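Worksheet for the structure shown next.
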Amino acid sequence: MTSTLTSRPVERQQPERAGIPPRRRTRVLALPEARWAAAATVLFLLALPLQLAGAPAWTWGPLYALSYVTGGWEPGWEGLKALKDRTLDVDLLMVVAALGAAAIGQVMDGALLIVIFATSGALEALATARTADSVRGLLDLAPATATRLSPDGGEQAVSVEELTVGDLVLVRPGERVGADGRVLDGASEVDQATITGEPLPVPKERGDEVFAGTLNGTGALRVRVERDASDSVIARIVRMVQEASETKAPTQLFIEKVEQRYSLGMVAATLAVFLVPLAFGEQLTDALLRAMTFMIVASPCAVVLATMPPLLSAIANAGRHGVLVKSAVVMERLGQVDAVALDKTGTLTEGSPRVTDVRPLPGSGLDEGEVLTLAAAAERPSEHPLARAVVDAARERGLGLPDAADFTSAPGVGVTAVVGGRTVAVGAPARLLDDIPGAAAELEESGRTAVLVVVDGTPAGLLGIADRLRPDAAATVASLATLTGSAPVLLTGDNPRAAAHLAAEAGIDDVRAGLLPQDKLDAVREMESAGRKVLVVGDGVNDAPALAAAHTGIAMGRAGSDLALETADAVIVRDELAAVPATVALSRRARRLVVQNLVIAGVFIAGLVVWDLAGDLPLPLGVAGHEGSTVLVGLNGLRLLREGAWQRAAAGHSG
């Protein structure tokens, strides 16, 4: 090994979870939309108890007025700008309806409408800002500097942006790889879960490819740069997330899809109700009162509340059970999915390696406990994930671990130590023996990583290590297949054998393995181009482009990377995979309640409008009917707050 690969004392990085960049989050109150919404809400909450307590109007009236101004000026201004472009949106209509309600004495109702719309706008702005934060934070995965090697063997710390194709860089133990390239010399194991999602570090030696941002293990590597920093895999992931987010079709709630026609129709009808009778000689006051009554009874307040309470109730119920759904639009879209793509590591599996098999070899004279004890004692000083899995397995069985002496570790090979006077080597079978035991090949064929234990030069046993399937994975896959009418697809960067074995356990037939982030994104786009509305469930940086491009994305919260958590539309906070089909079923229930409420609101509006046009609808009665329909649809939507709604969804009932 050349002198440039000789390790020298370096400042070791603090242990970190792979794929997690330093957090740079936009504060909520840093957003003007959030500040205005907060002010409007506080003013409303100050005025409401005063009004309900019967205080004089001068105590609560100004507070309501300020609530109108702080919460309504921005949507009103945006609505006026849209009107300038000959577009009438529902935001302006809501402001007009709120002012109309205030004009006839319904000040509290108008203020509530303003607060709802201001809060909705603030949440949308916050979601956009947080996604931008996470995309910027992803760039922090790649180190700012790298050690460039000169032809004479000298070392120079340079910015990674200065590296060019053909440069040689030194990656020391514990450092992140500075650029995409290929190993020229050295051996180590690299944690590249940020790129491929593989649960275990991958051995790297001469000729192997490495990626910027991945974490080097205990060996040192000399790497030839093959891509500029702007074209590295991690940089391309950033671009893919941004492009997918920008090109994703704009989403709207059901009622918003008809807002233009409804808004224009209502304005035109209100003018007609005012002008036509006036032209035929009706008194100005009577015509204005009839038109005002028409505007109130035909206003979309009940329609808006017909849509929001079921979706917000479903969001609140899901939140109580560990599912964060980021908006009402997301809750609505979840019920539309008809295809599901699942990540493997950290999604279908627990995301950490565990010992699944302990097999003593013939002639060793050892039983399972003795093999595991010797292996764990030898591995205990190591920081390798496989070593931790072996030690954890011994402790779970209550085995006492003797002290080890003369510990040595060879990257990509394994460890050696003296345990109780016996020399124990633990590592890859192909590196420790020329003649690999047949049981090792059997373990590898079944999707496990085989680890050989050699005692005093004699093969003593084999350990099988694998990422364990979540206990609820198979049931979740079956539930999703029932809900969507098609079996889920497995998209993973892991090797095909491990992926196929785990997919068979989970009940998945369509397995696509060895995928990089671009490949996952292409697979989702292929499914959506066939007319499917795809739900992607993942947890890593490598899943983020697919999460952004999918019809709906859900991230697993416990081990999820920041980018996945911010890019996804919903997060399973408690890491319970079974919550995915339950949330989809709850969304479908909410969508059905939305339709019910729209029918109720439509019947009330139509009845009151006909009464106003064909007869003489008193303004107080019109307001009462309008408010009554609003209360009715609101209460109907709140049914999804009940515990039974989640229980029915979790049991597989969406109706």
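Because the structure is predicted, anything quoted here is derived from the model rather than measured.
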In Å and rounded to the nearest 0.5 Å, what is the [atom1] to [atom2] distance from [X] to [Y]?
{"X": "L386", "Y": "R354", "atom1": "CG", "atom2": "CZ", "result": "13.5 Å"}
{"X": "L577", "Y": "I572", "atom1": "CG", "atom2": "CD1", "result": "8.0 Å"}
{"X": "L516", "Y": "L521", "atom1": "CG", "atom2": "CG", "result": "12.0 Å"}
{"X": "D539", "Y": "D343", "atom1": "CG", "atom2": "CG", "result": "5.5 Å"}
{"X": "L324", "Y": "D569", "atom1": "CG", "atom2": "CG", "result": "11.0 Å"}
{"X": "T349", "Y": "D467", "atom1": "OG1", "atom2": "CG", "result": "3.0 Å"}

Considering residues at least two apart in sequence or located in another chain, which fulfil the side-chain contact (heavy atoms from CB on, under 4.5 Å) criterion with [X]?
{"X": "A450", "answer": "P429, A440, L443, E444"}
{"X": "E526", "answer": "R512"}
{"X": "P488", "answer": "V340, L342, V477, L480, A481"}
{"X": "D522", "answer": "Q518"}

Taking C-beta and beyond as the side chain, do [X] and [Y] meet within less than 4.5 Å on heavy atoms?
{"X": "T552", "Y": "V536", "answer": "no"}
{"X": "L547", "Y": "V524", "answer": "no"}
{"X": "D357", "Y": "L463", "answer": "no"}
{"X": "D510", "Y": "L490", "answer": "no"}
{"X": "V571", "Y": "V323", "answer": "no"}
{"X": "V415", "Y": "F407", "answer": "yes"}
{"X": "V355", "Y": "V390", "answer": "yes"}
{"X": "D191", "Y": "T214", "answer": "no"}

With sequence neighbours excluded, residues passing salt bridge (Lys or Arg N to Asp or Glu O under 4.0 Å) with [X]:
{"X": "D403", "value": "R380"}
{"X": "E205", "value": "R431"}
{"X": "E161", "value": "none"}
{"X": "E226", "value": "R182"}

N216 vs S188, test: side-chain hydrogen bond (donor to acceptor under 3.5 Å, both in side chains). Steps then yes/no.
CA-CA 7 Å; N216 188 27; S188 186; 2.7 Å; yes
Just jot down the side chain to side chain donor-acceptor pair (under 3.5 Å) partners of [X], sequence neighbours excluded, or say none.
{"X": "T164", "answer": "D167"}
{"X": "T408", "answer": "none"}
{"X": "T356", "answer": "R448"}
{"X": "T458", "answer": "none"}

Using only atom types and a distance under 3.5 Å, with no angle test, would you say the side chain of [X] pairs donor to acceptor with the backbone of [Y]?
{"X": "R176", "Y": "G213", "result": "yes"}
{"X": "R222", "Y": "L170", "result": "no"}
{"X": "S486", "Y": "D338", "result": "yes"}
{"X": "E379", "Y": "A376", "result": "no"}
{"X": "R470", "Y": "T347", "result": "yes"}

Is the closest basic N to carboxylate O distance between R359 and E442 below 4.0 Å? yes
**Item:** Salt-bridge criterion met for K520 and D543 (N-O under 4.0 Å)
**Value:**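 Yes, this pair counts.
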Identify the two heavy atoms, one from [X] and one from [Y], that lie closest to each other, and give their separation to 0.1 Å.
{"X": "V424", "Y": "V426", "answer": "CG1-CG2, 4.0 Å"}
{"X": "L184", "Y": "R206", "answer": "O-NH1, 2.6 Å"}
{"X": "P459", "Y": "L361", "answer": "CB-CD1, 3.6 Å"}
{"X": "A499", "Y": "V511", "answer": "CB-CG1, 3.8 Å"}
{"X": "M556", "Y": "V537", "answer": "SD-CG1, 4.1 Å"}
{"X": "P402", "Y": "T373", "answer": "CD-CG2, 3.8 Å"}

message = Other residues, nucleotides and ligands only: do more than 12 of their heavy atoms fall within 6.0 Å of CG on D509?
response = no
message: As a quick check of understanding, evaluate side chain to side chain contact (heavy atoms under 4.5 Å, CB included) for L515 and T492, giving each step before the final call.
response: CA-CA 6 Å; L515 304 182; T492 177; over 6 Å; no
Q. Can you list the steps and then say if R468 with E505 is a salt bridge (charged side-chain N to carboxylate O under 4.0 Å, His left out)?
A. CA-CA 10 Å; R468 191 163 61 183; E505 288 186 58; over 6 Å; no
Pair T423, T416 - check side chain to side chain contact (heavy atoms under 4.5 Å, CB included), show working.
CA-CA 7 Å; T423 301; T416 302; 4.0 Å; yes
Looking at R224, K204, R227, which hits salt bridge (Lys or Arg N to Asp or Glu O under 4.0 Å) with E209?
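Option passing the salt bridge (Lys or Arg N to Asp or Glu O under 4.0 Å) with E209: R227.
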| message | Could you walk me through whether L399 and L372 satisfy the side chain to side chain contact (heavy atoms under 4.5 Å, CB included) test, starting with their C-alpha distance in whole Å, then the side-chain angles of each, then the deciding distance to 0.1 Å, before giving a yes or no? | response | CA-CA 8 Å; L399 301 176; L372 185 56; 3.9 Å; yes
| Pick one: which of M527, R532, K533 meets side chain to side chain contact (heavy atoms under 4.5 Å, CB included) with H551? |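 Going through the options one by one, the only one that passes is K533.
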Run the side chain to side chain contact (heavy atoms under 4.5 Å, CB included) check on I554 and L535 step by step: do they pass? CA-CA 7 Å; I554 295 180; L535 167 64; 3.7 Å; yes
